[in-house]
Each structure stands twice: as C-alpha cells, then as structure tokens.
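So the structure is just underneath, and the comments pick up after that.
By convention in this document, chain letters (A, B, ...) are assigned in the order of the sequence lines, proteins followed by strands, and residues within each chain are numbered from 1. None of the values given here were measured: they were computed from a predicted structure.
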2 protein chains.
Amino acid sequence: MSDNDQNDIAEFGQPCPIRDVLNQIGDQWSLLILEALAERTLRFNELNREIGDISRQMLSRTLKRLETDGYVSRTVYAEVPPRVEYTLTPLGRSFLEPMQKLIQWADENHADICRSRRRQHEQQQEQARG
Amino acid sequence: MSDNDQNDIAEFGQPCPIRDVLNQIGDQWSLLILEALAERTLRFNELNREIGDISRQMLSRTLKRLETDGYVSRTVYAEVPPRVEYTLTPLGRSFLEPMQKLIQWADENHADICRSRRRQHEQQQEQARG
DNA sequence: CTGAATCCGCCTTGATACTG
DNA sequence: CAGTATCAAGGCGGATTCAG
C-alpha cells in the first residue's frame, strides 16, 4: 500500500495545517455532523434523521473520515439488532470552540455577503446592457 | 461570460449561513489569498508569486468570487502597463478574526490529527492481515 | 500586465441496490 | 439497524491559448 514515503503526504495530510483541516471538514456534511454530535451521542440512523437530507452513503463516508481524523469515536455494541454510537472526542469538542466563533460570524455577516452578491450581480447586468 | 449561469440560490447563497460561507472560502485558494492580502495590498502577479503554486486561472476566478462576496475590493488604475490592486474590505478583515482562531487551532492540533490518521491506518492494515 | 475562454481529467457526491 | 458496492453526474481545478 504505502510502499514509498511519497504517499505519506497524500495519506496523512498536507504539510499546511489549516489547509488540511479545511479540506477535511470544509465539505458538505462534516460540520453538520459535528454539531449534531455536540448535543449528544447519536446512533447512525439518528444522525441520518437529525440531518435530514444526507444519504446513508455520505453519512457513512463522512463519519469514517471524521473517525479517522480523530474528531469522532465509534462504539459498536454486540447486540441484536446491532447498535453503533457516535460521539465527539475531546479533539472534536475542542475543534468546535473556534468553529463556533466562525459560525457566529457567518450568522452575523451572511446578509452582507448576499447583499454584496446581489449588488455585483446587478452591476454586471448593467454593464452587459450598456 | 462566466463559468456557469446558476440559479438564484447558487448565486445569492444558501439559506444556511455557515454552509454558504464554508462553501465559498473552503476551497483550495480563498483562504491563502485572504491571508496574503491581510499583510498588505497586492497586485495580481504579486499575489501569484506570493502564493506560488496557484495558476493565474484559479487566482483570477477566486479573486472574482471573493470580490463578488465582498471580502476583497479591486482597484484598476488607468495606466500602461495596466495595474490592478487587491485589498481586503472591512468584511474580509473581520472574517479573518474568527478564522485566525481556527488557524491557530489547526496549527496546534494538526499533529494529533495526523497521528490519529496513522494509527487508524495501521489498525486497518492489521485487520487486513488478520 | 491582467485577465478571459476553452478543453479536459479527477474527485466528490448522489442514487440505487445489496449485505450481515 | 448499520452499513457497503456499483454506477452515473457534475463541479473543481489545471493547462493552454487568446485578448485588451
């Protein structure tokens, strides 16, 4: 598999930390999952219902990656029917602290961003007509 | 004209603020550009050199989107040869404040994440052999 | 110098169906 | 219940070329 050391960068992360982190959690679903798990431990299908519009496919993949990176821990109970619980690790929990600041910023400034988009869009329209 | 003419939701933003923001700046280059501009105002080719491994194509695209969203302002000087300067808007500057916290977190925890990846990877290797 | 336009490969994502 | 396998589609990013 990793017969050479060149693959290590690809497998174990870029040298730039923030780029690596953003690549991992900047996708469609990771943050939503982490926030859902911030409330409480959840099972697979509970997460599925909680998020609503995620497919089991993507939920499974994203959870696996979050687990690989150490944000989430996965516990399997030897029961019938099977039960698997997902919960935040300390790392995942600590990640949400700075992220909350960013979420707050997004909430406060999203309207401005949309306004800017609208304005730029209208200017382009005018230029197109002019 | 543009790469694609999308519908209003794509142009003016998703209803969820943080998802919208992350989709915009969570790409390969946006954050690097914002950080470069946090130091000082830069011209197009200065940015190109500063970042190093970005193509002019992507630099142009990303700058345009950052301008559209209001993070960056673009000033054209009527000179020969042409000169275009990019600088952060107040919005862009305010965005970097919470983002700095996240960058700091990434710097501090990146090693842990890589360690976790390595460990998970080795466990999978063992399971494959077992 | 500062981009825009075009073409193209890859990766992510989604839909669907199947397994234990 | 908790996933995995497979296939198809679209977006992202890169290389190259053209333009003002």
Side-chain angles (χ1 to χ4, degrees), chain A residues 7 10-11 14 19-20 22-33 36-37 41-68 72-87 124 127-128, chain B residues 1-7 9-11 14 19-20 22-33 37 41-68 72-87 124 127-128:
Chain A
N7 285 340
E11 279 183 14
Q14 295 184 4
R19 233 163 129 174
D20 192 25
L22 276 185
N23 273 341
Q24 298 296 330
I25 61 87
D27 69 338
Q28 195 85 350
W29 304 113
S30 294
L31 187 56
L32 286 174
I33 292 175
L37 292 178
T41 296
L42 288 169
R43 302 175 58 175
F44 186 87
N45 273 359
E46 287 176 331
L47 266 170
N48 206 162
R49 280 188 298 270
E50 195 85 5
I51 298 181
D53 56 344
I54 189 174
S55 66
R56 280 186 319 228
Q57 154 94 276
M58 285 312 299
L59 181 56
S60 175
R61 273 192 210 169
T62 309
L63 279 171
K64 186 182 293 185
R65 193 164 67 176
L66 290 175
E67 190 198 357
T68 299
V72 162
S73 76
R74 176 176 180 274
T75 309
V76 183
Y77 295 89
E79 300 176 1
V80 176
R83 180 161 61 101
V84 181
E85 285 188 348
Y86 294 91
T87 186
Q124 287 175 14
Q127 286 183 1
Chain B
M1 168 189 277
S2 60
D3 294 325
N4 46 17
D5 274 20
Q6 299 169 329
N7 54 31
I9 287 182
E11 278 185 12
Q14 295 183 4
R19 235 163 127 173
D20 192 24
L22 277 186
N23 274 340
Q24 298 295 332
I25 60 86
D27 68 340
Q28 193 86 353
W29 305 112
S30 294
L31 187 56
L32 286 175
I33 292 175
L37 292 177
T41 296
L42 288 169
R43 301 176 58 177
F44 186 85
N45 272 1
E46 286 177 331
L47 267 169
N48 205 162
R49 280 190 297 271
E50 195 85 5
I51 298 181
D53 56 343
I54 189 174
S55 66
R56 281 183 319 213
Q57 154 88 287
M58 287 312 299
L59 181 55
S60 175
R61 272 192 210 169
T62 310
L63 280 171
K64 185 185 289 184
R65 193 165 66 176
L66 290 175
E67 190 198 357
T68 299
V72 162
S73 76
R74 176 177 179 273
T75 309
V76 183
Y77 295 89
E79 298 175 2
V80 177
R83 180 161 60 104
V84 182
E85 286 190 348
Y86 293 92
T87 187
Q124 287 174 14
Q127 286 183 2

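Atom pair F44(B):CZ and dC1(C):P shows a separation of 11 Å (rounding to whole Å applied). For the pair E67(B) CD and dT2(C) C1', the computed distance is 13 Å after rounding to whole Å. Rounding to whole angstrom units, CD of residue Q24(A) and P of dC11(C) are separated by 15 Å. Regarding Q28(B), its CD atom lies at a distance of 6 Å from the P atom of dG14(D), rounded to whole Å. N45(B) has its CG atom 9 Å from the P atom of dG3(C), to the nearest Å. Across the protein-nucleic acid pair, L59(A) atom CG and dC1(D) atom C1' stand 13 Å apart, rounded to whole Å.
At the heavy-atom level, S60(B) lies under 4.0 Å from the strands shown only through sugar-phosphate atoms. If you check every strand for non-hydrogen atoms under 4.0 Å, Y86(B) touches sugar and phosphate atoms only. Among the heavy atoms of the strands lying under 4.0 Å from R74(A) are primed sugar atoms or P, OP1, OP2 only; no base atom is included.
In this structure, K64(B) reaches the dA4(C) phosphate: one of its side-chain N or O atoms is under 4.0 Å from OP1 or OP2. Contact check, R61(B) against dG13(D): no side-chain N or O comes under 4.0 Å of OP1 or OP2.
Residue P81(A) is the one, among P81(A) and M58(B), whose nearest nucleotide of DNA chain D lies closer to the 5' end (criterion: closest heavy atom). Both L63(A) and I54(B) sit near DNA chain D, but only L63(A) has its closest nucleotide nearer the 5' end. Toward the 5′ end of DNA chain C lies the nearest nucleotide of D27(A), the other residue of the pair D27(A) and R56(A) mapping further downstream.
A cation-pi arrangement is absent between R61(B) and W29(B) under the rule of less than 6.0 angstrom and at most 45 degrees off the ring axis.
One donor-acceptor pair, N or O on each side, does fall under 3.5 Å between the base of dT6(C) and the side chain of Q57(B).
Side-chain proximity of R83(A) to the nucleotides dA2(D), dT13(C), dT2(C) is greatest for dA2(D). Checking dC1(D), dG14(D), dT2(C) against every side-chain atom of P82(A), the shortest atom distance belongs to dC1(D).
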For this session: Dump the intermediate steps for salt bridge (Lys or Arg N to Asp or Glu O under 4.0 Å) on E67(B) and R65(B), then the final yes or no.
Result: CA-CA 5 Å; E67(B) 190 198 357; R65(B) 193 165 66 176; over 6 Å; no
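Side chain of E46(A) to backbone of R43(A): a donor-acceptor contact under 3.5 angstrom is found. Between the side chain of N48(B) and the backbone N or O of L59(B) there is no donor-acceptor pair closer than 3.5 Å. With hydrogens and angles ignored, the 3.5 Å screen pairs a side-chain donor or acceptor of T68(B) with a backbone N or O of K64(B).
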